[in-house]
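Note that the numbering runs from 1 along the sequence shown for the chain.
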Amino acid sequence: MKAPLRSVLVAASLAACHSSTPAPAPEPDAATSGQNTPAVTLERTPCFGRCPVYSVSISRSGLVTWEGKRFVSDSGADTARIARDSVDSLLAELDKAGYFGLEDLYVSGAPACGLYATDLPSAITSVDDGDRSKRIQHDHGCSEAPRQLAELEKRIDEVAGTSRWTGN
């Protein structure tokens with residue numbers, strides 16, 4: 001094929017690409033709509049030492065999404081699956097423990113913090129049970145933060161199976 005003819009064909013194919021209309025986005029499946037939206041999230045932040053830094057989310061369908069940042073055995077992104085029953089049980093446990101009635105902030109200077117110790121990690125959780133949603137920022141240096149909040153954070157780790165990524 002001669003060079004001028006090849007140039008015309010390349011130009012025509014490029015023009016065809018630029019004039020095409022993008023395909024419409026697929027309609028969401030009513031059966032799975034919202035099933036992969038996070039129902040529970042947990043983020044652990046740095047401390048003065050070697051505290052694990054990561055975030056994990058659990059969707060209603062059981063999809064666990066991991067993002068390891070520092071001081072974990074598996075840095076980067078990963079996913080896993082857990083049973084939907086485990087997600088439902090966790091949501092029920094969080095509700096029964098009074099998660100939605102807790103304060104939003106247990107951080108230095110917040111009324112619910114109490115005496116404050118510096119250089120401890122924080123945990124940021126969020127829960128969306130389909131009817132209500134709540135986000136709690138919990139600095140572990142707050143002496144007045146309810147003990148059950150740290151227990152619930154630990155329970156989220158257990159259900160999500162974060163030990164497979166943290167190495168703990």
Side-chain angles (χ1 to χ4, degrees), residues 25 28-29 32-168:
D29 181 354
T32 59
S33 181
Q35 290 297 304
N36 285 327
T37 301
V40 179
T41 66
L42 168 66
E43 177 183 355
R44 296 217 182 253
T45 68
C47 66
F48 184 66
R50 297 181 52 86
C51 300
V53 179
Y54 60 89
S55 61
V56 66
S57 66
I58 305 169
S59 73
R60 284 206 170 281
S61 69
L63 177 67
V64 178
T65 305
W66 163 265
E67 179 67 36
K69 297 172 184 153
R70 293 177 48 200
F71 305 119
V72 293
S73 60
D74 191 357
S75 293
D78 199 5
T79 59
R81 284 241 169 237
I82 61 173
R84 286 183 189 200
D85 290 349
S86 297
V87 180
D88 292 339
S89 293
L90 176 61
L91 289 169
E93 192 175 336
L94 290 161
D95 186 33
K96 185 177 178 184
Y99 181 87
F100 290 99
L102 296 173
E103 296 293 327
D104 294 339
L105 295 174
Y106 297 96
V107 297
S108 177
C113 182
L115 295 175
Y116 181 72
T118 61
D119 299 329
L120 292 171
S122 292
I124 303 164
T125 55
S126 68
V127 176
D128 184 340
D129 70 359
D131 295 322
R132 304 166 289 179
S133 62
K134 183 167 186 75
R135 180 180 184 270
I136 299 176
Q137 190 173 342
H138 174 205
D139 188 318
H140 285 254
C142 290
S143 64
E144 296 297 318
R147 219 170 252 206
Q148 86 240 35
L149 182 54
E151 301 277 332
L152 292 172
E153 294 160 1
K154 182 179 176 187
R155 187 69 183 125
I156 294 168
D157 272 325
E158 290 169 354
V159 172
T162 59
S163 63
R164 78 184 99 202
W165 296 296
T166 62
N168 296 334

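Scanning both residues, Trp66 and Gly76, for their nearest heavy atoms gives CD1-O, 3.3 Å. Residue His138 comes nearest to Ala145 through the heavy atom pair NE2-CB, 3.5 Å, listed as atom of the first residue, atom of the second, then distance. In plain terms, the two heavy atoms of Ala110 and Leu105 that are nearest each other are CB-O, 3.8 Å. The shortest non-hydrogen separation linking Ser73 to Gly167 is OG-N, 3.3 Å. Residue Ser55 comes nearest to Lys69 through the heavy atom pair OG-NZ, 4.0 Å, listed as atom of the first residue, atom of the second, then distance. Minimum interatomic distance between Ala150 and His140 (heavy atoms only, all atoms of both residues): CB-CE1, 4.2 Å.
By the 4.5 Å heavy-atom criterion applied to side chains, Tyr99 and Leu91 are not counted as neighbours. Counting heavy atoms from C-beta on, the side chains of Ile136 and Lys134 come closer than 4.5 Å. Using a 4.5 Å heavy-atom cutoff, the side chains of Glu151 and Pro146 are not in contact. Looking only at side-chain heavy atoms (C-beta outward), Arg44 and Leu42 come within less than 4.5 Å of each other. You'll find the side chain of Glu153 reaches within 4.5 Å of the side chain of Thr125, heavy atoms only. Side-chain contact between Tyr116 and Ser143: absent, with no pair of heavy atoms (C-beta onward) separated by less than 4.5 Å.
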Q: Determine, stepwise, if the pair Glu67 / Ser57 fulfils side-chain contact (heavy atoms from CB on, under 4.5 Å).
A: CA-CA 9 Å; Glu67 179 67 36; Ser57 66; over 6 Å; no
Q: Start with the C-alpha gap between Cys47 and Leu120, add the side-chain angles, then the distance that decides, and say whether side-chain contact (heavy atoms from CB on, under 4.5 Å) holds.
A: CA-CA 5 Å; Cys47 66; Leu120 292 171; 5.6 Å; no
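Remark: Gln137 CD to Ser126 OG distance equals 12.0 Å, nearest 0.5 Å. Summarising the geometry, atom OG1 belonging to Thr37 is positioned 8.0 Å from atom CG belonging to Asp128; distances are rounded to the nearest 0.5 Å. Note that the NZ atom of Lys154 and the OG1 atom of Thr162 stand 11.0 Å from one another [nearest 0.5 Å]. Atom OG of Ser86 and atom CD of Glu93 lie 11.0 Å apart (nearest 0.5 Å). The distance from atom CG of Leu90 to atom CD1 of Ile82, rounded to the nearest 0.5 Å, is 7.5 Å. A distance of 11.5 Å separates CG in Leu152 from CG in Asp157, rounded to the nearest 0.5 Å.
Ser61 contributes a side-chain N or O that, together with a main-chain N or O of Gln35, makes up a donor-acceptor pair within less than 3.5 Å. Put simply, the side chain of Arg70 never gets that close to the backbone of Ser75: no donor and acceptor are under 3.5 Å apart. Listed for the Ser122 side chain is no donor-acceptor partner under 3.5 Å among the backbone atoms of Thr45.
Tyr54 and Asp74 form no side-chain donor-acceptor contact under 3.5 Å, judged by distance and modelled atom types alone. Looking only at atom types and distance, the side chain of Trp165 has a donor-acceptor partner in the side chain of Asp78 under 3.5 Å away.
Taking a 6.0 Å sphere around CZ of Arg81, one finds it holds more than 12 heavy atoms contributed by other residues, nucleotides or ligands. Heavy-atom contacts from other residues, nucleotides or ligands closer than 6.0 Å to CZ of Arg147 number 12 or fewer.
Electrostatic pairing of Asp104 and Arg135 does not count as a salt bridge here, judged by no charged N lying under 4.0 Å from a carboxylate O. The pair Arg155-Glu158 meets the salt-bridge criterion, with a side-chain N (NZ, NE, NH1 or NH2) lying under 4.0 Å from an Asp/Glu carboxylate O.
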